[in-house]
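Below is one structure, written out as structure tokens, with a few remarks after it.
We count ligands from 1, going down the list as the structure has it; atoms in each ligand are counted the same way.
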Amino acid sequence: MATLDLSAIRSRIGELRVTSDGLIALIGTCISVAALTYLLSTIQGAVTVHNKRHGSRPPKLPYAIPLLGHLPEFLKNTMEFLARATAKYGPSTPVRIQLLNRRMSLLKGAESITALFRNSRDLSSEHWLVQVLVNAFGVEVADAPFYLADDTGIANQPDPRSKMTNPEYRIFHLVFKSVHSGLSGASLEEMESQLVRNLSSQINEADIQSDSWTTIFDLYGSLIRTIAFRAAVVSLCGPKVFECIPTFDADFWTFDSALPDLFKEMPRWLAPASYAARDKMKEHLQKWQSFAHEHYDVSQGKLDKREWEEFFGSRLMRTRHEFFQKMPLSKETIAADDLGLVWAATANTVPAIGWMLLEVLQRPDLLRRVREEIAPYISLDPSDPSRMIVDIPNLCSRPLLQSLYAEVLRLRSGTVINRVPTSSDFHIGGWHFKKDEQIIISTYDTARDQYVWNQGTVDDPHPVNEFWPDRFILYPDNPNSGPVLPTIAQQQPKKMQHPPISEPTFSLDGTAGSWIPYGGGTRMCPGRHFAKKEMIVTLAMFLTEFDIELLIDADCEIKPDLKYFMFGVMHPQGKIPARIRRRRFN
Ligand code: HEM
């Protein structure tokens, strides 16, 4: 019969106690270290702010975990983390952040942000851009040194300190020049005409009747997004993309939803589906590029006077492929670079168009006002009644439409703008920023600065977190109207203040450094003129052609999908059912 060895059991229990005591001691030590680190960093931050002298480094945002710094908090909820960093030490004191081995400063306050943009020439975003191109869009690692070797800058004249001599390898300058000329003047006008033409034919061909309602289970995901994306891509790349790759649209949005994983530099084994979505898009773009090169010779350059043709689409695309051909880059990298451009051109604008429509459709009175503003500027082509004619310049100058556009971008966009002082240390507002250390700005938080934005009156409040279609309109004889608080408007230099007005007028006065959905300075988004037209024109064409009723409860709030926070305009979350029918208009 087995006997109980009591002494052995006692010694096991003793061992266990030692182990659990050890664990408790370890946890206790970790908590103490975290508490002490937090306390010390809090004191250090407060002392820095209190003793600020010209040239002080920004205070550190308190943190608890040595080495990791703010990384856990940042990864857990980036939006909350940036809000905490923005609130700490007041509205205009920058804070230093540490994400593992990456150190950066969050810049706050309209004045400091404007100063940063004004000094664009001493700042660069090239290295950050290469990081994004490699990590997010899949530029081949083997090609990264080619990009990084270009230290000539974006200006026409290469940086005198640069040793690079081949002008054909000045990739940042060539890209910069091509997007700026390709998205302005005659090139922009042609892209706008292509947009209207394509929207008109898609709207005309949609299987929607005038004598009965059609129910749609996801108005944004299956109708608005599809039509707006196709029209934008055809304007930029021409129609052959969709002929070569019929699933281009769906595959692009799968890639877009994978982007947060890729940006966070998740390894391939942890996010295989995200990498597969990107690989697919790169293959698609290579297929289209081979087809386009087979049918169109980009080396003819400016000899072809057309602003747009069917194989490469816009002059911008053609110009890119002309200079890419002279660079020792792989086909995979060129496809990845184009993926970056297609993403920049659509991933903000398309959800923003969705928001404009959804905000209007939720407010019957606003819908009536918007239709009144649109009506004089859209008609049917007398020679082809299936086509709409849009007076784009006048339509896009209407106050309510512009205010809607600006308010959607204020409320729904959340991007982090990056700059790095590359030539020397940098000073803003008396604070010292080290050379080669990133400076970031949160557009989401600047768009919600309660010390800047007009929030209505006690009787008619409009908090910064709510949509207010009239926020950007100045009304004659209403001193409480306009985008910013009256105190901010009065602080504007006299020459920048609005002259007296006799009718409602769209205004961005006083919002410099606060309304920054497009960034600022020399790297400000070159697509902003096209984006504005695209958003207003698409809204106008949809509302002119269709009656749309959302099939959601009146008290149901359509929220942004926070998964896309930090990547520009966030998509509306979930499926939004609606019913739709054609309107009759002349
Ligand atoms: C609502 C729509 C859009 C928003 C909110 C937006 C926002 C932005 C932002 C925040 C930047 C970075 C700016 C900075 O660092 O200061 C940017 C850059 C850029 N955007 Fe846009 N964008 C939009 C539409 C477009 C469109 C339609 C195009 C092209 C057709 C475009 C092309 C670009 C390009 C090429 C860059 C890089 C510029 C450079 O690095 O110099 N964007 N955009």
Side-chain angles (χ1 to χ4, degrees), residues 107 113-114 116-120 123-133 137 147 153-155 171-184 187-188 190-192 194-195 228-229 231-237 313-317 319-320 337-356 404-420 438-444 446-447 513 515-539 564 566-571:
L107 194 67
I113 292 171
T114 314
L116 180 86
F117 289 151
R118 218 182 293 124
N119 288 296
S120 287
L123 299 157
S124 139
S125 38
E126 273 94 272
H127 283 214
W128 181 78
L129 216 72
V130 175
Q131 211 174 308
V132 170
L133 281 172
F137 297 106
Y147 285 79
I154 53 174
I171 188 159
F172 294 113
H173 163 67
L174 291 168
V175 167
F176 184 82
K177 200 169 90 172
S178 67
V179 290
H180 281 266
S181 66
L183 293 166
S184 60
S187 303
L188 173 64
E190 184 56 34
M191 282 179 69
E192 289 167 13
Q194 291 297 336
L195 182 89
F229 176 75
V233 173
V234 170
S235 303
L236 184 67
C237 311
S314 60
R315 185 184 284 285
L316 162 56
M317 242 1 178
T319 312
R320 275 167 75 76
D337 206 310
D338 269 1
L339 179 57
L341 180 61
V342 171
W343 184 84
T346 55
N348 284 293
T349 322
V350 171
I353 291 168
W355 281 114
M356 279 181 86
L404 260 174
Y405 147 84
E407 179 68 346
V408 159
L409 291 186
R410 185 192 70 82
L411 197 65
R412 304 304 182 189
S413 149
T415 308
V416 170
I417 311 279
N418 269 273
R419 294 291 185 274
V420 181
Q438 239 173 312
I439 302 175
I440 61 167
I441 301 166
S442 164
T443 65
Y444 187 85
T446 56
W515 189 80
I516 47 168
Y518 296 117
T522 45
R523 300 310 294 239
M524 188 177 194
C525 172
R528 62 195 183 280
H529 308 295
F530 186 56
K532 179 177 177 183
K533 305 263 174 64
E534 223 182 321
M535 285 171 64
I536 295 179
V537 165
T538 313
L539 170 90
Y564 295 91
M566 267 185 67
F567 304 103
V569 180
M570 291 170 269
H571 293 270

Give the contacting part of R528 toward ligand 1: side chain, backbone, both or neither, where contact means a heavy-atom distance below 4.0 Å. neither

Side chain or backbone of L183 under 4.0 Å from ligand 1, or both, or neither, by non-hydrogen atoms? side chain

How far apart are the closest heavy atoms of T346 and A232, and which atoms are they? CG2-CB, 3.9 Å

Write down the atom of D337, the atom of Y147, and the distance for their closest heavy-atom approach. OD2-OH, 2.7 Å

Ligand-side contact atoms (ligand 1) for residue partner [X], heavy atom cut-off under 4.0 Å:
X    : answer
V179 : 35 (C)
I417 : 10 (C), 15 (O), 16 (O)
A531 : 2 (C), 24 (C)

Indicate yes or no for a side-chain donor-acceptor contact from [X] to the backbone of [Y] under 3.5 Å, with no hydrogens or angles considered.
X    : Y    : result
W355 : R412 : no
H173 : G153 : no
T443 : T415 : yes

Backbone or side chain, does any N or O of R523 fall under 3.5 Å from an N or O of ligand 1? yes

Short N or O distance, R419 and ligand 1, threshold 3.5 Å exclusive: yes

Nearest protein heavy atom with distance in Å, relative to [atom]:
atom                    : value
atom 29 (C) of ligand 1 : A345 CB, 3.6 Å
atom 36 (C) of ligand 1 : P526 CD, 3.5 Å
atom 32 (C) of ligand 1 : A344 CB, 3.9 Å
atom 1 (C) of ligand 1  : L409 CD2, 3.7 Å
atom 17 (C) of ligand 1 : C525 CB, 3.5 Å

Ligand 1 contacted by [X] (non-hydrogen, < 4.0 Å):
X    : value
G520 : yes
G568 : no
P517 : yes
L236 : no

Side chain to side chain, [X] and [Y], heavy atoms closer than 4.5 Å:
X    : Y    : value
L195 : K533 : no
I417 : I113 : no
F137 : V342 : no
Y444 : M566 : no

Side-chain atoms of residues 517-530: list all donor-acceptor pairs with protein atoms under 3.5 Å, sequence neighbours left out, distances to 0.1 Å.
from	atom 1	to	atom 2	distance (Å)
Y518	OH	Y405	OH	2.9
R523	NH1	E126	OE1	2.6
R528	NH1	C525	O	2.6

